[in-house]
Participant: 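I'd like to ask you about the structure that follows.
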Number of protein chains: 2
Amino acid sequence: MKKVHVELGQRSYDILIAPHLLGQAPELFRKHGIGSRMFLVANTTVFQLYGQPLVERLRGSGFRVTEIFIPDGEKFKNLHTVENIYTYLIAQRADRSSTIAALGGGVTGDIAGFVAATFLRGIPYLQIPTTVLSQVDSSVGGKTGVNHPHGKNMIGVFYQPSLVCVDTDTLNTLNEREYRSGLYEVLKYGLIYDESFFDYLLEHLDGLLERRSEVLEPVIGRCCEIKAEVTTIDEKEAGLRRILNFGHTFGHALEVVAGFQGITHGEAVGYGMLAANRLSLRLGLLGEREVQRIHDAILRLGPLPNVDHLAVDRLLEAMERDKKRQDDQKVFVLLKDIGTTEMQSNIDDKTISEIWKEVLPLPQA
Amino acid sequence: MKKVHVELGQRSYDILIAPHLLGQAPELFRKHGIGSRMFLVANTTVFQLYGQPLVERLRGSGFRVTEIFIPDGEKFKNLHTVENIYTYLIAQRADRSSTIAALGGGVTGDIAGFVAATFLRGIPYLQIPTTVLSQVDSSVGGKTGVNHPHGKNMIGVFYQPSLVCVDTDTLNTLNEREYRSGLYEVLKYGLIYDESFFDYLLEHLDGLLERRSEVLEPVIGRCCEIKAEVTTIDEKEAGLRRILNFGHTFGHALEVVAGFQGITHGEAVGYGMLAANRLSLRLGLLGEREVQRIHDAILRLGPLPNVDHLAVDRLLEAMERDKKRQDDQKVFVLLKDIGTTEMQSNIDDKTISEIWKEVLPLPQA
């Protein structure tokens, strides 16, 4: 078992990563101080796969578990779902010692984490992420929240869990596209922070694509470590944490213009990294050889979906509105080497437009 | 000007207390790092009294201020009002550098603080409390939140402001009952924490009731100091902070059974302190002489409204449901001296019932 300790003073917590981790859930929860009264939030698909056996195991060990089912999908990540959970918690007499456990992907974690953060001004929160993206990204760093009809993730708070349990076996039931989508974020960690991890990923790519436990545990573990390091230094996104947005300024625009249809978040980040890579070349930060290496690595995780129908003008508009702007400037995270980032703002629209045209349409690998 | 520094590491902030403080608002805000883009949340009553001149003064000094009006009253302290504010903030392009300013009483602060805490995962928050209760209680300690149809303050987070500006002149427009209601909480601070402050209050009670600036500044200041001390030691209500609930276990039941009609929060706390005082006597913690002194002091802030029509059985039921219970035990904050508290749980219903009967009906002072 790999263990990553996230040091945040009184709000410190551990991330445990291993295959078949849920089989030891009762002992692990107790060892990490999780109380016996638990509300398990999941959608019915994930619940049938992993929730039912987990609940039975916990109940058999003296935990008192109540299931809270939420509808599946980003469109239900809103205040309405949150209110329904509050109402249920009150009806079931949840109190400050009750734990909210999120079993599922990023949407489940974002919703359940926001509820845990805001119910009775914060109750204990346990994360059991079951997708690549949630295991390496959304379950570390404390971001919780929901969408507003006029904007994604507009409502939320930073709130740290008491424990994160990553069972890499849960990745086995993801469909191929969802699984590969998560790997773009995995690759991102190598690109922005750790060249030797980037090399490791390329060397073990076959094992990673085949979801072998002996590759998944160290890979997911290293991603969590990097994200924990970055978000510990910069808990509230004032500085360093921005490097995690590598590929996201471009990628988010793709998602918005596509109406979050036909492209996954990970794939959008894949495109976004291709674009940020080209921009790094254009600005003279990276040499041709490195750019090609990065480009090839991203494409090896593919295929990326066809997005040729998206107009570059609309992508530029979407970037303009991007809430991640700072002082009305778009800040781009670029690479000056594999493993090393540099921030640049004041990139003119003409350049961005040309970068988009270089990336779209994409020559398929 | 009195200044209370609340030391909470990176989340430290100052509370400024003085008459006519709002006259210097632009300079004070700048000096304390408040940004120039501001959303001022107030109800129309308070806005007409203090908001309009404040906004004009700020605009004249280069601040860009947008007013957000909320309906007046506790019944609007809910997620619906919060959602309306989110929508407005997004429409007005508020960003992470915008400040939410709350001008008004506790309800305004609770709502605006919750919005500031949860919009874009937290944006700067400035408090300008205009009632006794909000100046000495709700504006210090970081509690924010709204009610759920099934329970008061069920939804919320701890979130610290960037600055608290207490202009004691704003108390002059409170009606007599509202003003006196706040004084019960003022007296509470002496009772639970500082005997010499209790003595000072009794010595200067005439000046306090006449709202003289030279009494208000040190009195409000000392209350803020005590609340800041207590909540700094125990930010998340794990231990010491409970002493602030003195009078509240009994008082909250009164409010609930009265349906929050005909009795103010402060008056309920007044009754609650009378009851906690009697219970302290009953358990042998306080002597007859001290109990009488405390009793008389509370009554001097009166008159308390008649609540004889409330049935003791229903008060007991309400206490049973009180969310402030710990491990299904009611915890009572009692006095073992003026300025010194003691916690006790396991008090049987018969005793509580007798205490209620001793306190209600109340021989008017």
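Letters A, B, ... mirror the listed sequences (proteins, then strands); counts begin at 1.
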Participant: Please classify the contact between Ile90(B) and chain A as side chain, backbone, both or neither, with a heavy-atom cut-off of under 4.5 Å.
Facilitator: side chain

Participant: Would you find more than 12 non-hydrogen atoms of other residues, nucleotides or ligands less than 6.0 Å from Arg314(B) atom CZ?
Facilitator: no

Participant: When only pairs under 4.5 Å are counted, which of Gly151(B), Gly156(B), Pro149(B) shares the most heavy-atom pairs with chain A?
Facilitator: Gly156(B)

Participant: Tell me, for Tyr159(B) versus chain A, whether the close heavy atoms (under 4.5 Å) come from the side chain, the backbone, both or neither.
Facilitator: neither

Participant: Heavy-atom distance under 4.5 Å to chain B: side chain of Glu83(A), backbone, both or neither?
Facilitator: both

Participant: What part of Leu79(A) is in contact with chain B, defined as an atom under 4.5 angstrom from a non-hydrogen atom: side chain, backbone, both or neither?
Facilitator: side chain

Participant: Could you tell me whether His80(B) atom NE2 has more than 12 heavy atoms of other residues or ligands within 6.0 Å of it?
Facilitator: no

Participant: What closest approach, in Å, do Arg121(B) and Asn153(A) show between heavy atoms, and which atom pair accounts for it?
Facilitator: NH2-CB, 3.9 Å

Participant: Tell me whether the count of non-hydrogen atoms from other residues, nucleotides or ligands lying under 6.0 Å of CD in Glu7(A) goes above 12.
Facilitator: yes

Participant: Look at atom CZ of Arg64(A) and say whether more than 12 heavy atoms of other residues, nucleotides or ligands are closer to it than 6.0 Å.
Facilitator: no

Participant: Consider only side-chain N and O atoms of Thr87(A) and His148(B), and report whether a donor and an acceptor are under 3.5 Å apart.
Facilitator: yes

